[in-house]
Every structure is written in C-alpha cells, then in structure tokens.
Amino acid sequence: KIRCFHLLLQQLSFCSFLLNTSPQLRLVDGGSRCAGRVEILHQHSWGTVCGDSWDLKDSQVVCRQMGCGEAFNAWLYAQVEEGSRPIWLTQLACTGEEAYLWNCPSLGWGKNNCEPYDDAGVICSGFVHLVGGHGPCSGRVEVNSGGEWIPVSDGNFTLSTAQVICADLGCGKAASVLGNLPFREDSEQIWAEEFQCKGQEPGLWFCPRVPCPEGSCPHRGAVQVVCSGYTEVRLMKNGSSQCEGQVEMKTSGGWRTLCASHWNMANANVICRQLGCGVAISTPKGAYFVEGGDEIWRDRFHCSGSESFLWNCAVTALGVPACAHGNTASVVCSGNQAQLLPQCNDSWSNTAGSAASEGHTANCSDSRQLRLVDGGSRCAGRVEILQQGSWGSICDDSWDLSDAHVVCRQLGCGVALEATISAHFGEGSGPIWLDELNCIGEEAHVWQCPSQGWRQHNCSHKEDAGVICSGLWCTLCTGGVCHSPMEAVTLSVICRQLGCGDSGTLNFLVPLRKGSRPSWVDGIRCRETDSSLWQCPSDPWKHQSCSAKEEAHITCTGTPQVRLMDGGSRCAGRVEIFQKNSWGTMCDQGWDLNDAHVVCRQMGCGVALDAMGYAQFGEGSGPIWLEELKCTGEEDQVWKCPTGRQHYCLHVRDAGVICSGFVRLDGGGGPCSGRVEVNSGGGWTPVPYRNFTLLTAQVICAELGCGKATSFLLDLPLKEASEQVWAEEFQCKGWEPELWFCPRVPCPAGSCQHRGAVQVVCSEYTEVRLMKNGSSQCEGQVEMKTSGGWRTLCASHWNMANANVVCRQLGCGVAISTPKGEYFVEGGDEIWRDRFHCSGSESFLWNCPVTALGVPACAHGNTVSVVCSGQHCQLLRCARPPAPEPSHSLCKYSRQLRLVDGGSHCAGRVEILQQGSWGSICDDSWDLSDAHVVCRQLGCGVALEATVSAHFGEGSGPIWLDELNCTGEEAHVWQCPSQGWGQHNCRHKEDAGVICSEFLALRLVSKDQECAGWLEVFYNNTWGSVCHSPMEALTLSVICRQLGCGDSGILNSSVPLREGSRPRWVDGIQCRKMDTSLWQCPSDPWEQRSCSAKEEAYIICSGNRPKSCPSTVPCIDKEKLLLRGGDSECSGRVEVWHEGAWGTVCDDSWSLAEAEVVCQQLGCGSALEAPGEAAFGPGNGSIWLDEVQCRGREPSLWACAAAPWGQSDCKHEEDAGVRCSGKRTRIRTSSASAPVPGIFSLPGILCMILGALLFLVLIILGTQLLSWRAQHQVSGSSTYFLFSEPAGQHADATSNSYDDVEELPVSEIPSSSGMKEKNFFPEEGGGARCSQTGMWIAISPVVLHYCHGKDGFGHVKEPFSFITRI
C-alpha cells in the first residue's frame, strides 16, 4: 500500500510539473482578448514570436487555439525594448490546421535571427459577436466555428450569459434579451451546445457548456442581445434615491450626473415611468446639485416620451460642449398621482408662462408626441404628431420658418434651417392632423400654435410639411473632421455607419486637400456602445477646429470587399478585392461567366453579360488575391468559390466583368425610358407602382446616366396577368447614388399590392429659362440645362411653336416674338445644336421631337431669344390671314399642325388641331404649293412630294379643309384659300400627306440578311450611305434599336467595297445615352461626300437573321401564317410571322370573312367558325394585327385592311382563332398554272356565273353610254375631263351598286402612255369634277373607273371612265 501511495504521488507530481511547464498563449496590447501581440509562456517566461515569415496561416492557428474564431489579419508590432523578453519562435511555417502554435515547423525554441524584424501579432474575429443590430453591441448572438458564424438558440439562454457576452465585447451590460427570433433560413444550422454562464466568466469561451441531445438544441428561434453603456438610472435627493432629485445614470465609469442643457419634459416623463414614479411634474435645473461629483455627463437624450427606458432614446454627444458648473438635470415626478393630472391645453394663450418656455414646472400631462421621419436623421424629415394613438402629418399651407422653429426646439434640434413643403421627404400616411399653422416661434409645442383645429384641413399627403434643423450634422454645412485622436473604436463606428466594413485606418500619406472649408470637430472618442458618430463625445463644434493638414482621411477595412474599377460604372470593370488592408485583383486563369455571375450578384448588379480577361479594363496594382476560380454561379461571395492550383500570374491577366446592372428601363425605345425592372441575379422583374415616387425615378435616371426624370407613368399593364413583381417598395430620398442603395420596405407576405408596373422617362434636358441681364424673366435668351450645364440654343429652325411651348412651360403666357440674338452674351459655351420641332401643344420643350444629325455649327451670336406675353395671353388673337411669319408675331394660335404615320415628324398625313379635335385635309387640288406651306410651318424644309389618296393611311375625326389653293408663301396652312372649315365632299381615303426635305429614314441594305448590311439614310429625297467614324458602341446600339434589330451592334470592316456610286451623307456621329433615334445624335454637317467609299459603315446588329420566314427561303405568305392550340392542323389560334417573331391577331372585327381568307391561305378549305376571346388559349409575344377587315376573297391575310402592324389595344385574352372545313392541302408554287384550291367550290362557281352576267351588263351599258356621248358631242354641249388614279394605291368601292365586284390593287395598271382613258359626265350644271374616291374594276381587256361626286348645287354626279389596253 505504501508503495502504491508513493507511485501515486510521483504521478501527481509529474502531472503538476507538466501543468506548470507546458507552454501557454496570450494576445496583448490589442484592446481585447482576441487581438494583439502574440506571446508564449515557456520555461516560466513570457516571450514573443518573430514576425519573419509571419502570415495568415500562422495567425489562424493562434486564433483557433485561443478560441477567438478566425484570423482577420496578420499584424506586425514594433519590438519591445531589445533584450527585455525572449523571442521563442522564428520562421514559423504553419499549414493552418495545427492545434497549437508550437506544433508548427520552426527553427526551434529560442533559436532566432530576428533582430531586423517586428513581433508577430494577430486580429481574430472573436468567438462571439452580435450581428444585425446598430453596431457591435446589439444583434443576434452568433459564435464562430471553423470560420463560419453559427446562431445560438434561445433554449435555456439566460441573462447571465448575455451579461458575459456584453462584457466580453466591451459593451457594458445587457439591457435586454429577446428570444424567438426567426432564422435567416429554415434549414439554418444552430450551435449544438447550451451555454451555462454564471456571470463572472471573462468571456463566453470560458462558460460551461452542455451538448444538446443528439446534437440538436430545443429552441423557438435565435436569440438577440442588446448591450448598453447605460444600465441604471436614479433620482438622488439628500443622498437617497426617491421620486424626485438629481438625475444620475450608471455607466462603466460609475454614477454620472446629466447636463440640463437640452433636457426636456419628454425625457423626464421616460425617467418617471421607468422608476414607477408616475409622470414628470417639473424639471428644476440644478436644484439638487451636490458638489464634489465627477464631470457632468454630456450625452444629450432626445426622447419622444414613449420609450420604456431612458437609454432607448436617441442620443447625441458629437460637438456637445462641457456643461456649466452646477447645471445638472433634475426631475420631480408625480409619484402615484399621475392620473390626476389634467391634459395640457392646446391654446397658446392658456399656456403662457412655464409651459411656453418649458421652464421648471408643468402642471399638466401631454400624451402627444412629435417626430421627424424619412430625413435620414431625427433632426430632419416629415413632421408627424402622435394623436389619439395614430401618427399623422401637418399640411404645408402657411408653413414657414416660424412653425419649423417650434418643431426644432421641441425636439432639441436647434433652430430651423429650412421649412420644406410639397412632401419633400415623401408622402406620409394616416391622418393629416393640423393645417394653416400660424406659430409665432415661441411656443413650447407645435400643437399650441393657432391652427384650424385637429383634423380640419383641405389637403392631401402631397402637401405634407417637413423641416431641416440646425441640429442635423448634414450636407447643408459640410466640412472636414480632425483626426486627433481617432482611435480604432472611432474608426470602426465611422466605417460601420457608412456601410464600409467593421474597421478602418487613418491615411497620413495623402496630399493636402485643395480649397477652403470648415473643419468642424476634433477630439472624437467613440465608445464601444456608440452605434453612430453622433453619439461619440468630442470637443465642441468650431468653424476651424484644426489645420488643413490635420483633416482625417480614412480607409475602411473589415471583411473582404469587392468592387469593379475603370469600366465606366459601378457594374462594369476590373474585379478588385480588398483584404489585409490592401486592394488587389483577380487572375483571369479559368475566369468564366459562372465566376462573373457571382461577382455581379454580390455587387447587386444583376447578371454577368461578359467575363473579360487580359486586363481589358487596364492593369491593376497590388496583390493578385484569387486565381483559377471554380464557381458554380450560386455562391453569394466570390471568395467562397473553390480555387484550383496557383499559377504565377501578372496584372496583364487581370479579370474583368460587365454586369447587366440592378435596374433598367425596358421597352421605351432606348435605355433612358421604359418600364422599371430590377435584377438581383435571377432575371428581370418589374417594380410595382405602389408608393413609387419622383425621388425614386430621379435616382434611377441618375444611375443610368440619363439625366433627370421628366415623368413617370403608374398602373402600366403587366406583360402577362401572372407576371411576378418585385417584392419590395423602394423609398429613395433622391440623393442615393443608385437604386441599390435606397431604403426598401418588404411587402406584406412577400407580395406587393399593385395594379401594374411603373414607367419612367428620363431626359438630358431638365430645365429651361429665359435670361436677360443676368436674371431669369419672361423674355430673354433661351437656355436649357443639360448634364454639361446651361446651354444656349441656335436660332436656326426655331419657330413660334417652339417659343409658345417655352412660354407656357415658364408660366409666361404665349410667345409674342422670337428676336434672333438680341440677348446674346459673349463668353458662353458653344451654342447647342439640337433642333426642336414642337407642334405647340407640348407641356415641356423636351417633349418635342429633336434632331441633331447633320446639323452644322451655329453662327456666332445666332442664339434663340423669346419674348412672352406674361399673363396677358388671353387677349391675343390672330387676324386672318396675316402676313408670312416674321421674327415677331403679336398673336396666339390655338390651332396646331402635325404629320402622322410617316415615321418622322417631317413626313406623313397632314392633320390640324381645330376646336379640340385633330382632323385631316382632303387631297382635292392638293399640290406642292400647299405642301410647301406645311413643311415650312413645321420647320421641315421644303416639300419634296405632295401625297394623295391616304398615302400614309386613313385618318379619323373631321376633315377640316378641302380645295386648298396656297400660294406657297403663307405662314400657316389654314391661311390658304379653301372651302372653309369642315366644308368638303371627301372621305378619309382622300387624306392629303406630305414628304418634306427634312424627312429622314434609315435602313440596312443586304441581299440575304435582315439586320445586317450597309447603313443608309434617306435625306434630301435620296438614299445615301453613312460613314463609320467614330461610331462607338453607343451609336451602334441606337441604330440597331431604331431598326428593331436588337440592343447592340458591331462594325464589319472586312466586307469588300460596295459597287456603284451614291451620296455619303454624314460622318462623325456620336450618339448620347438618352438619344432614342439616330436623328437625335450630333454629327458633322450633311455633305454629299462626307468620306471615301472605304469608310462606308457596314453594321451587324445583335438581332441579325437571314431574310427568310421561320422555315424556308424564299418566303411565301403561307409560311408566315399558322394555327396553334387547335384539335387539328386546320383549327386553332391564328398566328402571323412579322419582324422575326410569331404573334397573334386580335378578335376586334374578326368574322367569317377574315377566317375564310386564313383557311384559303393555308389550304384548309372554307371557314366554319371564327371564334374569338382566345378560344384556343391565349398566345404570347406581340399582338401583330388588329381591326382586320377582309371581304373573304383576298389572296392572303396581308391583303386585308387592318390597323398598322403591332398597334392594338388588345390583350391575349382577345386572340382570334379559326376552324376550317378540311385538312390542309399543299399549294404548289413552282408552276404558274397550278390549280388554286377551292376555285370550283360552290361559292367559286356562283362567283364565275355572276361575273359573266355582270360583264355582259357592263358591255351593253358601255355601248349605250358611248352612243349617248356621240350624240352630245355633235351638239357641242358635253364636258371632257381627264383623270388618272395614282399608281400603287389600293382603290375601294364607293357605291352600294358595286359592292359585290372584286377589288384589285392597281399597282400594275399602266400609265397614260399605255392606256387610253375616256371620261364621261352628264351635262347638267357644267359637270362635276370626279373626286378620287373611285374604284378600278378589272375585266380584261377593259378597265372601268367609276366615281361619284357633287356639283356646286349638291346634285349627285356619277361619271364613268373606260380604259382600254392598247
């Protein structure tokens, strides 16, 4: 037994020796247990580790061994005094997986050659952190395991554990613990142990732990802890805590008194409630002051009065000066008599005295509260009052600085700098409590000001009042901040507040800033518990707190960050990553779209469009952090992607990416207008219009480089009824750099209430003014604000219609004159060349059509000026007819002129706005003289062609004028002689049109390609080519979009030179982002020979396709038509092929006649049924045709009358269908003699018989008419007129007598040289001129032209003409 006892003693002694001699590890001088210089206890002596070869893998071992999570950084510390401590380890080469630092390969204990090196140090993540709160001292509890942060469950979580966490983080004491917090994901892993802290442990790592049964802890959710530097409050009187006395708060430094400056009754009420002492009766300053205490605490509390604890109130300390001696805050509470206190009277007259000045007493209780919201600070925003349990706003009627002063003083925010109106901080909700406030500025509460009474108003939330107070440290008064002392905690608070990581460093190497500005504050010393810079104590505010060389320049660090550089936007460029306090690049080895997708998603930039290598955005600098990535594309951070083996990579291989961006405007004819859609990496989704504001639209336009928002349209129909919308509402303030950074509010249950999408229109032009003698008035030089500043406009092509728009826009009446250059001021920028073509009805100048292509530089001093009438426009009326328009015109025209359906503002059907209705002009007597007046009036040069017979389609509405007889010199077309307003004998088939010299058209010329070829422009009535210099990507995009050929294009310089000669009209085209057509793009002036033949542009657009139908070449009509969704190949929804895509036909006007044409065209027999309302299911894509009107005998559907392609007011629920009688038969196209299916059907036979009979009748009738004419010629009383129908026009019947006669196109009818035309009219009244509303009837070899009209007495005349082929 004795021997066994001795053996036991020896073993215990050996164990004791091991315990006393085994190495230990610690971190010192880093501010926490998990940061600092690495020190090892060996051979009873603490020593350091040499910094030679010290890296992140070595640091990783230290952090894991210390229970401090992951290594953030491997630091080097300056050596302590030489020889004072041993250097235990040198040249460590850890793999990162070792359990102890001394297990890593090294030179051995005490062996070193470390004289020139620093000591090794490390910053670890820590074992525990609080995340998702307003700083490091509040949020969800998470612990670190192997580099991942895992939430702790709320099962058996105690306040003692929370106290240990707060102390471990240097955050004071736990103020609250909240359980049942939802996890980020249902499948999220939770920590598999329960912590059972006693409260005295130095850190959570040292608390006892109990493994959860089967590795799964019972829980209801995660747990959140809020720590606070303030943990207790009391009222001290005569050395004891009571319900009255001096206010004292307990902090980590002990009990502190508070300063009475900015202390108010709302703060006092919170204390009384917190202490169970009723409500506050008074706040006597310094009444209970006791000499000999610590310095008075300067933190200012800004309570609304509803908080449960004083430390839940907003706090500011930045710039707060020291408190005057003895000026301590005191409170007298009611005790338990709170219910006896009356409510405060609203009347200012009844509150004079103490209530007015909020002095030492207040014998009433007020449950109302005041706040400012949506201003980014508690001292700026929309004014809201809590009344009767609801927060509501104040109307801005009579709202001024006196009212705003009361609000600012009541909130402890200084004085009012600005009283904002018109919902400057966004529209509120709930009631509008007050209106027509009339404060004198001295009231204690804003509701004491005279007003119309509670809820008495005539306002909407568009008139919500707001305020900006001087207490807001804001951009209104920006200035520098001094860097002394600005320690790590202060830098961390600043970087966190700015969303720039968790830590930062001061950069002393940057050069001094240029210019002069205030340096507002110095001596900032943030505490761990401060969640914003405003809470940090500092020296008082001063205009010059330090010299210029002491201004702070901060570089924020923290967790790795990613950015894109030198790509022209936030969402394109060279990929750079910030870690270890340095920005570095990524190698393009293995770089592909999957890797690029991760970067774009992480940046909030949508999806990757291109993954670029070989330093396409220039070579970077610094380290190359990552290479040979193997992302799947689903990772949320690029550094989480697997990597392959390391290569030796240089910056010439830097990787780059082009992302789609987070937001776009789609379907508006360019990148600067259209439906708002966002992309978070999973496709483009429309934004709902609910609560969408102009401020949000402004942010979008600025982000896209599209100027400012000029309009936005709500309730835009979705593309499909089932289309998903974005599940958040954006609440931009207007100053955010991009939509991504705007505040967002998730929609309830993830679904936003909406009726549609939202459309935004941006414009480079955002303001216009008339400048005279340096000030803006109702007369002067016209100036427009663009992204480049204020620009003057050129007087060339400027007219009174443009001037009227400017005057109306400025609220200056109508234009009186446009004197050229009269107000010109020397020294300005180059005169803006954009030409505006207003009709006169536009609300804003930038809503007018604009051209810039080919416009030459403006002559010096030839600037536009306008003189407006002011408010006397209603007195101005035009005499008829005035002289041609000079440089001044003292009249106002309510009539307007436009050209429509011609593809340009300088070609189309002529329409006049008269008596509130747009109507057309009849083509009787329509000629070039008339057309010249139209072109000149519209600023479109001279007339090239006067078109007739509804060349640009039939109009609608009234036909205003007929038989115009202009001299060509009139200023307005309605000044020409005519039959009078609304006096005519025409139909819309005779609508007049015009093609002016300024008419422009665009095309790509190619034999076999649809969206590739030689670029040609139609100018001066001639097609000519375009030169390719410089023609950058933006210009190519505008061209391809305009042609409907995709969103981008490339120049092809390898094609051979073109044969033949043609004009080369224009060079130097440089489109801007907001240009929606080539005509708006600036360029060199028009010239017949702008470049050589080898410089002609050949473009390939992204939407290029062969010139073919979807299946075969060449196209035939049958292959452009198909039926889908039916029960056979001859039944289904009708779809047509147009512009490279299948689309549907609307069922408006759809009948058996249209169905018959479809069935015959497809070789499917006769039509049995013409169902509408998507009887065969709704289609998708475009609705190509609407209002189709066939007779039933047309060779194809395209021969029928219809609305223009793609223009309909239908939805796919109205898709048309057919059901045909038979199976499809093949139409032979190789032989001209092939039989036509259905010609011997019963309807066909009947048609032949009727046609033969009609032919005989017409021959007899013609013979009689010839005989009748011969008799009248003998007597000399007949009248002879020669008419010719314009070639290429489709004629129509105008008499019910001939409705059954088949119509034929007349494009093949020979001219008068190949025909003899004879026209016969009855003698009565001298004859009637046959208007061109007739019809060609082809019965070979005779063509009969029948027309009708009226003579001057209103008698109907029905002349006939025969044309016989020679």
Side-chain angles (χ1 to χ4, degrees), residues 566-569 572-574 588 593 609-619 652 656-658 670-671 852-855 1000-1020 1022-1073 1075-1108 1113 1139-1140:
D566 299 333
S569 77
R574 181 178 60 254
D588 66 3
L593 270 180
L609 302 178
D610 200 0
M612 309 180 77
Y614 289 97
Q616 291 291 312
F617 296 102
E619 296 182 21
V652 71
V657 63
I658 298 176
L853 191 73
V855 175
L1000 301 170
L1002 192 66
R1003 70 183 182 186
L1004 290 173
V1005 179
S1006 172
K1007 292 182 179 179
D1008 55 358
Q1009 298 296 307
E1010 195 75 39
C1011 283
W1014 298 102
L1015 181 65
E1016 289 191 352
V1017 64
F1018 185 83
Y1019 173 70
N1020 202 26
T1022 305
W1023 285 101
S1025 58
V1026 176
C1027 308
H1028 63 58
S1029 175
M1031 208 162 283
E1032 297 169 345
L1034 193 55
T1035 301
L1036 294 169
S1037 174
V1038 169
I1039 292 168
C1040 292
R1041 281 177 182 266
Q1042 185 174 347
L1043 292 169
C1045 288
D1047 294 333
S1048 60
I1050 58 173
L1051 282 169
N1052 186 349
S1053 56
S1054 60
V1055 291
L1057 293 181
R1058 293 180 76 182
E1059 297 178 356
S1061 176
R1062 70 204 62 80
R1064 291 182 280 276
W1065 280 127
V1066 69
D1067 196 9
I1069 304 174
Q1070 294 179 311
C1071 294
R1072 302 155 296 192
K1073 196 163 188 179
D1075 294 330
T1076 57
S1077 74
L1078 185 65
W1079 322 134
Q1080 298 174 5
C1081 303
S1083 72
D1084 297 342
W1086 297 108
E1087 290 184 19
Q1088 186 82 11
R1089 289 287 180 266
S1090 294
C1091 61
S1092 65
K1094 64 182 180 181
E1095 294 177 283
E1096 294 182 26
Y1098 187 102
I1099 295 176
I1100 302 175
C1101 294
S1102 59
N1104 185 35
R1105 56 191 179 273
K1107 278 188 178 176
S1108 69
V1113 179
E1139 290 187 353

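- In this structure, the side chain of Arg574 engages the main chain of Gly618 through a donor-acceptor pair within 3.5 Å.
- Counting only heavy atoms from C-beta outward, the side chains of Arg1072 and Pro1082 approach each other to under 4.5 Å.
- Partners of Gln1042 by side-chain hydrogen bond (donor to acceptor under 3.5 Å, both in side chains), not counting sequence neighbours: none found.
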Could you pull out every donor-acceptor pair under 3.5 Å between side chains of residues 1046-1056 and any protein atom, sequence neighbours left out?
{"from": "Asn1052", "atom 1": "OD1", "to": "Ser1054", "atom 2": "N", "distance (Å)": "3.0"}
{"from": "Asn1052", "atom 1": "OD1", "to": "Ser1054", "atom 2": "OG", "distance (Å)": "2.6"}

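- Between the CD1 atom in Ile1039 and the CZ atom in Arg1041 there is a gap of 13.0 Å [rounded to 0.5 Å].
- When all heavy atoms of Asp1075 and Gln1080 are compared, the pair lying nearest together is CA-OE1, 3.3 Å.
- In this structure, the ring-ring contact (aromatic ring centres under 6.0 Å, His included) partners of Tyr1019, at least two apart in sequence or on a different chain, are Trp1065, Trp1086.
- Proximity of Leu1078 to Cys1071: side-chain heavy atoms (C-beta onward) are separated by under 4.5 Å at one or more points.
- Nearest heavy atoms, Gly854 versus Ser1083: N-OG, 2.7 Å.
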Ignoring hydrogens and angles, write down the donor-acceptor pairs under 3.5 Å from the side chains of residues 1092-1101, residues two or more places apart or on other chains.
{"from": "Ser1092", "atom 1": "OG", "to": "Glu1095", "atom 2": "OE1", "distance (Å)": "3.1"}
{"from": "Glu1095", "atom 1": "OE1", "to": "Ser1092", "atom 2": "N", "distance (Å)": "3.1"}
{"from": "Glu1096", "atom 1": "OE1", "to": "Ser1025", "atom 2": "OG", "distance (Å)": "3.4"}
{"from": "Glu1096", "atom 1": "OE1", "to": "Arg1062", "atom 2": "NH1", "distance (Å)": "3.4"}
{"from": "Glu1096", "atom 1": "OE2", "to": "Arg1062", "atom 2": "NH1", "distance (Å)": "3.2"}
{"from": "Glu1096", "atom 1": "OE2", "to": "Arg1064", "atom 2": "NH1", "distance (Å)": "3.4"}

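- Each side chain to side chain donor-acceptor pair (under 3.5 Å) pair with one or both residues in residues 609-619, not counting sequence neighbours, would appear here, but there are none.
- Residues forming a salt bridge (Lys or Arg N to Asp or Glu O under 4.0 Å) with Arg1089 (at least two apart in sequence, or on another chain): none.
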Output, in order, the C-alpha distance, side-chain angles, deciding distance and verdict of side-chain contact (heavy atoms from CB on, under 4.5 Å) for Val1005 and Trp1023. CA-CA 11 Å; Val1005 179; Trp1023 285 101; over 6 Å; no
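- Qualifying side-chain contact (heavy atoms from CB on, under 4.5 Å) partners for Leu609, counting only residues two or more places apart in sequence or in other chains: Ile658, Ser660.
- Side-chain atoms of Pro1063 and Gln1088, non-hydrogen and from C-beta on, do get closer than 4.5 Å to each other.
- When the side-chain contact (heavy atoms from CB on, under 4.5 Å) test is applied to Ser1090, the partners found at least two apart in sequence or on another chain are Cys1027, Asp1067, Glu1087.
- Residues passing the side-chain contact (heavy atoms from CB on, under 4.5 Å) test with Val1026, sequence neighbours excluded: Leu1015, Val1017, Met1031, Val1066, Ile1069.
- Taking CG from Asp1084 and SG from Cys1091, the interatomic distance works out to 10.0 Å, rounded to the nearest 0.5 Å.
- Counting only residues at least two apart or in different chains, salt bridge (Lys or Arg N to Asp or Glu O under 4.0 Å) contacts with residues 1026-1039 are absent.
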